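Computed from a predicted structure; not experimentally measured. All residue numbers in this chain count up from 1 along the given sequence. Both ligands and their constituent atoms are indexed starting at 1 by order of listing.
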Amino acid sequence: MGTPQTPAAPKMGTLMNLNRVLVPSNKAQASLSVAVRVRPTLKSEQQAAGSSSSKRDIIRVMDGKIVVVLDPDEAKDYLDQVQNRTKEKRYTFDVAYDTQARNSDVYMGSIQELAAGVTKGLNGTVFAYGSTGSGKTHTMVGTPADPGLMVLSLGQIFREKAGNVDAGEEFTVTCSYLEVYNEVIYDLLVRSSGPLELREDPDAGVCVAGLKHITVTSAAEIMGLLEEGNRRRKTDSTDANAASSRSHAVLEIVVRRWPRNQYRANMLIGKLTLVDLAGSERAAETNNAGQKLRDGANINKSLLALANCINALGKQQKTGVAYVPYRNSKLTR
Ligand SMILES: Nc1ncnc2c1ncn2[C@@H]1O[C@H](COP(=O)(O)OP(=O)(O)OP(=O)(O)O)[C@@H](O)[C@H]1O
C-alpha cells in the first residue's frame, strides 16, 4: 500500500501471512491474512521535516485493525470537511499495529499460531511487504535487543519441541536462507555463493539446486547464521533508506517429525517460509541512477509478479479456479 508524501509521516509495511493448511486430500485449504505495521518517524525524518506543524504524524491506528491516514493539510477549513472534501483515508486490515508495537507484539498477534502449526505438519508463508524504508528488515530480522520474526519463530518451534514432542519421537529442524537479487539466486548461508539454478523435481516440486540446508538444534544457533547471512545480503544506501535491501531474502524452516523406530512413511513435514522482500521504490523518492535504478526496476517487477500470484490465489480461494502465474519470476517460483 502506498505511503503519504509528507516527510514526517510514519511508514507502513505489510505482513502477509499466507497460511496454507495441508489436508490429506488434494482439496487443500488456504487462508490469507494481512497485517499492517506503522513504524515511528525516525529522528532523521523529524530533522528533515523541521518544526513546521504541517509535518505532523498523520497515521493513526484504531481498534487494532483500522489505519486512518489524516489529511496532511491541517488548515483545511470546516466547510471542506463537512462537504467531505477532506483527503482523510481509512483502510481496514486483519490486524494493524501502531508505532508502539515491538517485534514480539507483531509475532504474538500474527505469527505465533502459524509457527506452532509447523510442528504439526502445516505449511505457512509470511511476507514482509512495503515501500523502501518502511521497516520490513526491522520486523523480519530485527536486532539482538528486539529480535525479528525469523528468530522468534525458530524459538517457538524449539519451545514446541520441548513441550509437546514426546521421547518416542524424532524431531529435526533444517533451515535454508537465500536471496533473489536481480532475478539471480544466491545462498546466504555460504561465503561467496555463486548463482544457483532453480530445478523442477518430480517429487519435491521447484527446488534450488545446490542450496545449503543446515540442521539446527537451537534458536540461538540460527541467530548467528542469520546475522552472517544478512551481512552477505546486497544492500545499498538510497535517499529513502541508508541501508536498503536490494534483494528478497527467503528463510525456509522445515520441521520433520516421526515416531522413532517406525517407517518414515508416517513422517509429518511442516514448512515455514519467512520472506523479507526488497522495498517497492519510487525513483523520485530514492534519487537512484545507474545500477541502483536498474535494481529498483527489477525489484518492482518481481513484486508485481508476486502481487499477481497473490491476487490469483485470492480468486482461487473465492471461486475455486484461477490460474496462478508462478513462473513469471524467480521469487514466485
Ligand atoms: N518499528 C520500528 N521501530 C524503530 N525503528 C524502526 C522500526 N521499523 C524500522 N525502523 C528503522 O527504520 C529504518 C528502515 O527500516 P528497514 O531497513 O527495516 O526498512 P526496509 O523496509 O527493510 O527497507 P528496504 O526495503 O529499503 O530494505 C531502519 O533504520 C530501522 O531501524
Side-chain angles (χ1 to χ4, degrees), residues 1-3 7-16 35-49 57 59-61 67 95-111 126-152 177 179-182 188 226-227 229-251 274-288 291-304 306-307 331:
M1 124 170 236
T3 51
K11 286 208 171 187
M12 287 186 285
T14 323
L15 268 179
M16 277 179 298
V36 70
R37 181 181 194 183
V38 183
R39 77 142 163 78
T41 307
L42 303 179
K43 278 211 180 84
S44 54
E45 291 168 328
Q46 269 162 4
Q47 278 158 4
D57 280 354
I59 299 180
R60 305 274 182 275
V61 172
V67 176
V95 192
Y97 299 96
D98 65 14
T99 54
Q100 303 300 311
R102 289 174 61 83
N103 286 337
S104 51
D105 298 319
V106 177
Y107 176 78
M108 304 275 270
S110 297
I111 314 293
V126 181
F127 294 105
Y129 174 88
S131 66
T132 181
S134 55
K136 299 178 294 296
T137 306
H138 180 89
T139 305
M140 297 305 274
V141 179
T143 57
D146 190 10
L149 304 185
M150 290 180 172
V151 178
L152 295 173
Y177 195 29
E179 70 172 344
V180 188
Y181 171 66
N182 279 337
L188 289 173
L226 284 180
E227 271 175 14
N230 289 324
R231 275 199 296 273
R232 290 186 192 121
R233 212 173 149 193
K234 316 251 177 334
T235 56
D236 226 322
S237 149
T238 72
D239 279 8
N241 186 1
S244 174
S245 310
R246 316 305 289 156
S247 66
H248 308 299
V250 182
L251 174 71
L274 297 143
V275 189
D276 178 16
L277 294 167
S280 53
E281 300 188 345
R282 287 207 186 99
E285 209 177 305
T286 51
N287 268 329
N288 285 345
Q291 181 58 40
K292 277 196 235 179
L293 187 63
R294 279 193 292 278
D295 286 356
N298 266 321
I299 292 169
N300 287 346
K301 213 165 108 188
S302 52
L303 290 173
L304 180 65
L306 175 65
L331 175 69

### D276-ligand 1 polar pair, N/O distance under 3.5 Å
no

### Query
Which atoms from ligand 1 have a heavy atom of L42 less than 4.0 Å away?
11 (C), 12 (O), 13 (C)

### Residue G279 vicinity, atoms of ligand 1 by number, heavy atom under 4.0 Å
25 (O)

### Query
Does an N or O anywhere in G135 fall below 3.5 Å from an N or O of ligand 1?
yes

### Euclidean distance, L274 CG relative to T139 OG1, rounded to 0.5 Å
12.0 Å

### Query
Measuring from the heavy atoms of R37, does anything fall under 4.0 Å of ligand 1?
yes

### Task
Classify the contact between A128 and ligand 1 as side chain, backbone, both or neither, using a heavy-atom distance cut-off of under 4.0 Å.
neither

### Summary
When rounded to the nearest 0.5 Å, the distance separating CG of L303 from CG of L331 is 7.5 Å

### Query
Side chain or backbone of L277 under 4.0 Å from ligand 1, or both, or neither, by non-hydrogen atoms?
neither

### Message
Regarding ligand 1, does G133 bring an N or O atom to under 3.5 Å of one of the ligand's N or O atoms?
### Response
yes

### Summary
Between the CG atom in L277 and the OG1 atom in T132, the distance rounded to the nearest 0.5 Å is 12.5 Å

### From CA spacing to verdict: side-chain contact (heavy atoms from CB on, under 4.5 Å), H138, N103
CA-CA 8 Å; H138 180 89; N103 286 337; 3.9 Å; yes

### Summary
Numbered in order shown, the ligand 1 atoms found under 4.0 Å of a heavy atom of P40 are 1 (N), 2 (C), 3 (N), 4 (C)

### Message
Taking the side chain as everything from C-beta on, heavy atoms only, tell me whether V141 gets closer than 4.5 Å to L226.
### Response
no

### Nearest-option assignment for atom 20 (P) of ligand 1, heavy atoms, candidates R102, R39, H248, K136
K136

### CA sep, side-chain torsions, deciding dist, call: Q100, D105, side-chain contact (heavy atoms from CB on, under 4.5 Å)
CA-CA 9 Å; Q100 303 300 311; D105 298 319; over 6 Å; no

### Message
Using a 3.5 Å distance criterion without hydrogens, assess whether the side chain of D276 forms a donor-acceptor pair with backbone atoms of A128.
### Response
no

